[in-house]
2 protein chains.
Amino acid sequence: MNNLLKYIHSLTAFSDKSWKLLKPALIRKEFKKNEFLLREGQVCNSLFYIDEGYCKSYYEIDGVVKNIGFFFENDIATNINSFGNGLKSEFNIIACEPLTAVVFDKNKLFQAAKQAVEIETLGRNCIRLFASKQEEFSNLFKIYSAQERLEYIETKYPEILQRVSLSQLASFLGVSRETLSRIRKRRTLS
Amino acid sequence: MNNLLKYIHSLTAFSDKSWKLLKPALIRKEFKKNEFLLREGQVCNSLFYIDEGYCKSYYEIDGVVKNIGFFFENDIATNINSFGNGLKSEFNIIACEPLTAVVFDKNKLFQAAKQAVEIETLGRNCIRLFASKQEEFSNLFKIYSAQERLEYIETKYPEILQRVSLSQLASFLGVSRETLSRIRKRRTLS
DNA sequence: GTGATTTTGTGACGAATGTCACAGGTCATT
DNA sequence: AATGACCTGTGACATTCGTCACAAAATCAC
């Protein structure tokens, strides 16, 4: 849990007392490659702190996979809408590599938060980070072309390119695999 | 402040004591049409609860306006990244009509939140709603075509279409004004 | 009401993208 | 070495989209 503790301290002041209260809400869990963290139709009752490996969230529409997010070490993966409102998830989260996560149980987390404001504040900060990132990616599509979106990812999130295949990245960038391949080619020629 | 109070109660349990603590952090403020709530380069130290009228957030890139969000009555408008991290805003928020907002002052809000967990919880829930919406719109671009995005807005957010002009909506949907006009035409013919 | 301004519609044309099809490459397993 | 699964590149072609230009319609200010 060392990485998680560092992560928490980077977000907010957190006493030993809060940590002791939080611990019962946490379970370390291993996922095999292609194992689901969350399936479409389930209600998401967990936050997944990614300790090692990575996972992705994706819709499956008419049999076609549409990737909507990648989550690496030190990220929190969840369906914020399902987690917050108790609605069924419309997408899946699946391990892309063997993955180790620290799972926050929703009910136990809320119990703990009632006993320590620091935990409530931690929750707020986690959600804030999540919102910032969503906003960032949402705006990419409104202000940039496909090529510019690729360049943005290359400069700001190079680790995605190193670990995620072109085919996987394509739907995340909102273009077809072939188009992404050609965008790359265009740029290496110029 | 009646609308705001209803809004708060819809989000979380909120005692009179919390309300009294929160009140000093709030100021009702009127904005004229085309008046800025937030300008590019400023740090965002406020949450704007929209009581009447509406506003939009937009980037201005090479002189071209790119709308990234519309905020109507009972929405919270802010730059979550700037507000949370104290960074300069990269976009503007401007009133599209005469607008009445209740402005949450960041410092006073944080002071109040220290004294009442309910205020901290309210903050978490506001951010959660914000994150849900960002995620929703972000995913639109990854799973839908321009036409499908328009249809999504038509069914889930018809008030946007009623109040926002086609030209304004276009950049929000990530297409040109002309293309949006033609998408409409295609659909009315079929 | 009238003129000015803004908004919307539309034609033309080039650029970008999606789709289908197939070839070659990489990698792990046997 | 042979196999199969997966990933990447590329050609062909149709579709969609952006851009420029201009006209029509709606809205606003006076």
Side-chain angles (χ1 to χ4, degrees), chain A residues 32-35 53-56 58-67 70 94-98 140-154 160-190, chain B residues 32-35 53-54 56 58-67 70 94-99 140-154 160-190:
Chain A
K32 293 174 191 163
K33 184 176 175 178
N34 293 327
E35 195 176 345
Y54 80 95
C55 59
K56 69 169 185 178
Y58 70 98
Y59 283 77
E60 196 168 341
I61 299 178
D62 301 331
V64 181
V65 168
K66 309 265 187 179
N67 298 327
F70 295 99
I94 195 170
C96 301
E97 292 178 351
L140 280 186
F141 288 90
K142 292 169 190 156
I143 63 179
Y144 292 141
S145 67
Q147 176 164 346
E148 289 169 329
R149 292 199 291 277
L150 173 61
E151 285 164 3
Y152 186 89
I153 297 293
E154 282 177 337
I160 296 186
L161 285 152
Q162 285 161 9
R163 296 174 73 179
V164 175
S165 76
L166 185 81
S167 316
Q168 296 297 314
L169 184 65
S171 68
F172 178 72
L173 289 175
V175 294
S176 71
R177 179 184 67 77
E178 294 90 335
T179 297
L180 187 53
S181 173
R182 288 181 182 116
I183 287 173
R184 272 185 161 178
K185 190 187 174 189
R186 278 209 304 267
R187 298 188 323 125
T188 55
L189 294 181
S190 60
Chain B
K32 294 174 191 164
K33 183 174 175 178
N34 293 326
E35 195 176 343
Y54 79 97
K56 68 169 186 178
Y58 69 97
Y59 283 77
E60 195 169 340
I61 298 178
D62 301 331
V64 181
V65 168
K66 309 266 189 178
N67 298 327
F70 295 98
I94 195 170
C96 300
E97 292 177 351
L99 184 144
L140 280 186
F141 289 89
K142 291 167 190 156
I143 62 179
Y144 291 141
S145 68
Q147 176 165 346
E148 290 168 328
R149 292 201 291 278
L150 173 61
E151 285 163 4
Y152 186 88
I153 297 292
E154 282 176 337
I160 295 187
L161 286 153
Q162 285 161 10
R163 296 175 70 179
V164 175
S165 77
L166 183 83
S167 317
Q168 296 297 313
L169 184 65
S171 69
F172 178 71
L173 288 176
V175 295
S176 71
R177 177 183 67 77
E178 295 90 337
T179 297
L180 188 53
S181 173
R182 287 182 182 113
I183 287 173
R184 273 184 161 179
K185 189 188 174 187
R186 278 210 304 268
R187 298 190 322 126
T188 54
L189 294 182
S190 61

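A:R184 has its side chain within reach of A:L166: a pair of non-hydrogen atoms, C-beta onward, lies under 4.5 Å apart. Taking 4.5 Å as the limit, every side-chain heavy atom of B:L150 sits out of range of all side-chain heavy atoms of B:Q147.
Going from atom CD of A:E154 over to atom CD of A:Q162 covers 11.0 Å, rounded to the nearest 0.5 Å. Taking CD from A:E60 and OH from A:Y58, the interatomic distance works out to 5.5 Å, rounded to the nearest 0.5 Å. With rounding to the nearest 0.5 Å, the separation of CD1 in A:I94 from NZ in A:K33 is 10.0 Å. Atom OH of B:Y144 and atom CG of B:L173 lie 13.5 Å apart (nearest 0.5 Å).
The minimum heavy-atom distance between A:C55 and A:A95, with the atom names listed, is CB-CA, 3.9 Å. Residue B:I61 comes nearest to A:I143 through the heavy atom pair CD1-CB, 3.9 Å, listed as atom of the first residue, atom of the second, then distance.
When rounded to the nearest whole Å, the span between CZ of A:R182 and P of D:dT10 equals 9 Å. Summarising the geometry, the separation between CG on A:L161 and P on D:dT8 is reported as 11 Å, rounded to the nearest angstrom. Here the P atom of nucleotide D:dT15 and the CZ atom of B:R186 are 12 Å apart, to the nearest Å.
Legend: salt bridge (charged side-chain N to carboxylate O under 4.0 Å, His left out) pairs involving residues 160-172 of chain B, not counting sequence neighbours, sorted by first then second residue: B:E73-B:R163, B:E97-B:R163. Within the structure, salt bridge (charged side-chain N to carboxylate O under 4.0 Å, His left out) contacts touching residues 142-153 of chain A (residues at least two apart or in different chains) are A:E151-A:R187.
Using five terminal pairs a side, the axes of the helix from C:dG1-D:dC30 to C:dT30-D:dA1 at its two ends make an angle of 50°, given in steps of 10 degrees.
Scanning for side chain to side chain donor-acceptor pair (under 3.5 Å) contacts around B:S171 gives B:N67, with sequence neighbours left out. The side chain to side chain donor-acceptor pair (under 3.5 Å) check on A:T179 picks up A:S176, with sequence neighbours excluded. Residues satisfying the side chain to side chain donor-acceptor pair (under 3.5 Å) criterion with A:S167, sequence neighbours excluded, are absent altogether. Applying the ring pair (Phe, Tyr, Trp, His ring centres under 6.0 Å) test to B:F172 and every residue at least two apart in sequence or in another chain returns B:F70, B:F137.
Of all nucleotides in DNA chain C, those with any atom nearer than 4.0 Å to a heavy atom of chain B start and finish, going 5' to 3', at C:dT7 to C:dA12.
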Legend entry - Test side chain to side chain contact (heavy atoms under 4.5 Å, CB included) applied to B:F141 and A:L140, step by step: CA-CA 10 Å; B:F141 289 89; A:L140 280 186; over 6 Å; no

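For the contact set between residues 171-181 of chain B and DNA chain D, defined by any heavy atom under 4.0 Å, the members are B:G174, B:V175, B:S176, B:R177, B:E178, B:T179. Residues from residues 162-169 of chain A lying near DNA chain D, meaning a heavy-atom separation below 4.0 Å, are A:S165, A:L166, A:S167 in numerical order.
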Inset, instruction - Indicate for each nucleotide in nucleotides 24-30 of chain D, in 5' to 3' sequence, whether protein heavy atoms under 4.0 Å reach the base (B), only the sugar-phosphate (S), or nothing (-). - result: -------

